[in-house]
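Ligands are counted one by one from 1 in listed order, and the atoms in each one are counted from 1 as well. All values derive from a computational prediction rather than experimental measurement.
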Amino acid sequence: MRRPPVGWFTGSLVRATSLTDSARSLTFSVPGWPGNLAGQHVDLRLTASDGYQATRSYSIASVGPDTDVELAVERLPDGEVSPFLVDDLEVGDSVELRGPLGGWFVWRPEHPEPVQLIAGGSGVVPLLAMTRAHTDARSTVPMQLLYSLRTPEDALYRDELQQRSSTTPTTWHYTRTVPPGWTRAAGRLTPDDLRSATLPPERGPLTFVCGPTGFVETVARGLIDLGHQPDSIRTERFGGI
Ligand SMILES: Cc1cc2nc3c(=O)[nH]c(=O)nc-3n(C[C@H](O)[C@H](O)[C@H](O)COP(=O)(O)OP(=O)(O)OC[C@H]3O[C@@H](n4cnc5c(N)ncnc54)[C@H](O)[C@@H]3O)c2cc1C
């Protein structure tokens with residue numbers, strides 16, 4: 001079936017909520033938005049008064065037919081667009097949004113396989129949408145999240161993920177600083193971490209991995225080394241190294 005062409009929409013910022021010191025969730029009212037699946041993203045375009053334009057991709061945290069579209073943006077200190085979105089965009093301001101984009105990095109409630117989600121940093125955004133879709137559909141398919149982040153303060157949507165822990169348990173992993181009393185030392189995910197915190201290949205999970213490019217590539221390789229089939233691993237790279 002042919003999909004309708006993806007168009008540009010005008011989104012007006014209706015809500016902005018601080019998630020951490022360096023990240024904000026931004027909800028845009030987007031008249032005409034066709035709704036989106038869990039895992040899809042948008043292109044967001046800013047136009048300066050002199051006509052200069054900058055476009056970046058952002059995953060959609062919201063899911064379903066609603067015309068409110070929620071994004072979550074983390075500030076990269078030297079970035080061009082993300083500091084503006086996190087620090088300067090005000091309620092009532094407009095941006096252009098093109099989407100919804102992406103058909104592969106998508107979880108649908110009809111998928112029968114158990115689901116393993118693996119996030120690095122802000123890569124949790126499309127995976128959060130998958131946990132929301134799982135809840136909305138009252139899915140009984142097992143779904144669990146492994147969330148790797150630098151420090152406890154960097155967690156996006158911690159309260160919401162904890163509230164959902166009975167249906168979508170989260171394993172937290174810290175690479176730089178751990179919370180008081182944490183038994184595991186800070187450090188990068190090791191093959192043992194991956195083995196112990198993810199569904200094993202024998203259960204035939206569908207695995208979604210999202211985050212900075214280096215994180216995604218390391219995790220995907222680690223999963224294949226554990227015996228997962230490459231076509232059971234879906235990846236989304238946010239950029240960087
Ligand atoms: C499909 C897709 C979905 C995305 N979803 C999100 C999202 O939900 N939330 C979000 O905050 N970002 C997301 N990104 C990243 C986003 O598109 C921008 O790259 C990011 O906001 C930086 O833009 P900037 O203009 O501030 O930095 P730029 O000026 O474009 O780049 C600054 C430098 O940072 C590097 N860089 C870019 N992204 C990262 C990263 N993630 N980690 C480390 N270094 C990086 C660039 O390679 C460059 O060297 C997504 C990217 C893709 C491709």
Side-chain angles (χ1 to χ4, degrees), residues 6 8 11 13 15-28 30 33 36-48 52-63 68-89 93 95-107 117-133 145 147-151 153-158 160-161 173-176 188-189 208-220 233-241:
V6 174
W8 283 99
L13 187 67
R15 200 162 46 255
T17 309
S18 176
L19 295 171
T20 67
D21 284 350
S22 60
R24 263 209 312 181
S25 86
L26 303 169
T27 302
F28 297 92
V30 189
W33 179 254
N36 62 275
L37 300 167
Q40 290 188 299
H41 65 276
V42 288
D43 284 345
L44 182 153
R45 184 164 68 191
L46 300 173
T47 306
Y52 174 75
Q53 293 190 320
T55 304
R56 297 289 183 277
S57 301
Y58 291 99
S59 298
I60 308 171
S62 47
V63 65
D68 277 3
V69 175
E70 180 185 350
L71 312 179
V73 180
E74 184 149 58
R75 182 196 312 111
L76 293 188
D78 300 329
E80 183 184 9
V81 169
S82 60
F84 174 78
L85 295 176
V86 175
D87 301 325
D88 299 326
L89 194 72
D93 289 348
V95 301
E96 289 176 284
L97 298 172
R98 189 167 75 98
L101 301 171
W104 174 244
F105 194 81
V106 159
W107 181 75
L117 310 174
I118 306 179
S122 55
V124 76
V125 179
L127 309 185
L128 174 87
M130 294 179 192
T131 71
R132 289 176 169 178
L145 169 66
Y147 187 4
S148 174
L149 56 166
R150 287 183 182 150
T151 76
E153 292 72 36
D154 291 323
L156 306 186
Y157 299 101
R158 181 189 288 278
E160 180 174 340
L161 290 171
H173 180 91
Y174 301 101
T175 59
R176 300 238 174 115
R188 295 202 162 206
L189 277 177
F208 293 87
V209 189
C210 186
T213 300
F215 173 86
V216 170
E217 286 174 2
T218 303
V219 169
I233 305 167
R234 301 191 183 190
T235 57
E236 184 98 287
R237 293 163 174 77
F238 274 10
I241 45 168

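Partners of Asp87 under the side-chain contact (heavy atoms from CB on, under 4.5 Å) rule, at least two apart in sequence or in another chain, are Arg75, Pro83.
The minimum heavy-atom distance between Glu236 and Phe105, with the atom names listed, is N-CE1, 3.6 Å.
Within the 4.0 Å heavy-atom cutoff, Ala61 does not count among the residues contacting ligand 1. Residue Arg75 places every heavy atom at 4.0 Å or more from ligand 1.
Close contacts of ligand 1 with Pro83, meaning ligand atoms under 4.0 Å from a residue heavy atom, involve 26 (O). Each of the following atoms of ligand 1 lies closer than 4.0 Å to a heavy atom of Glu80: 24 (P), 25 (O), 26 (O), 27 (O), 28 (P), 29 (O). The ligand atoms of ligand 1 that sit less than 4.0 angstrom from a heavy atom of Arg237 are 52 (C), 53 (C). For ligand 1, the atoms closer than 4.0 angstrom to any heavy atom of Val125 are 8 (O).
Annotation: Ser82 places an N or O atom under 3.5 Å from an N or O atom of ligand 1; distance criterion only. At a 3.5 angstrom cut-off on N or O pairs, Asp78 does not count as close to ligand 1. Taking distance alone, with nitrogen or oxygen atoms compared against 3.5 Å, Ala72 approaches ligand 1 more closely than that limit. The shortest N or O to N or O distance between His41 and ligand 1 is not below 3.5 Å. Considering backbone and side-chain N/O of Val81, one or more are found under 3.5 Å from N/O of ligand 1. Looking at Tyr58 next to ligand 1, an N or O pair under 3.5 Å apart turns up.
Arg56 has a carboxylate O that lies under 4.0 Å from a charged side-chain N of Glu80, or vice versa, which qualifies the two as a salt bridge.
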TODO: Could you walk me through whether Tyr52 and Thr47 pass the side chain to side chain contact (heavy atoms under 4.5 Å, CB included) test, one step at a time?
DONE: CA-CA 6 Å; Tyr52 174 75; Thr47 306; over 6 Å; no
Per-pair distances, 0.1 Å, donor-acceptor, side chain in residues 126-133, under 3.5 Å, sequence neighbours excluded:
unit_1 : atom_1 : unit_2 : atom_2 : d
Thr131 : OG1    : Leu128 : O      : 2.7
Thr131 : OG1    : Arg164 : NH1    : 2.7
Arg132 : NE     : Glu160 : OE2    : 2.8
Arg132 : NH1    : Ala61  : O      : 3.1
Arg132 : NH1    : Glu70  : OE1    : 2.9
Arg132 : NH2    : Glu160 : OE1    : 2.9

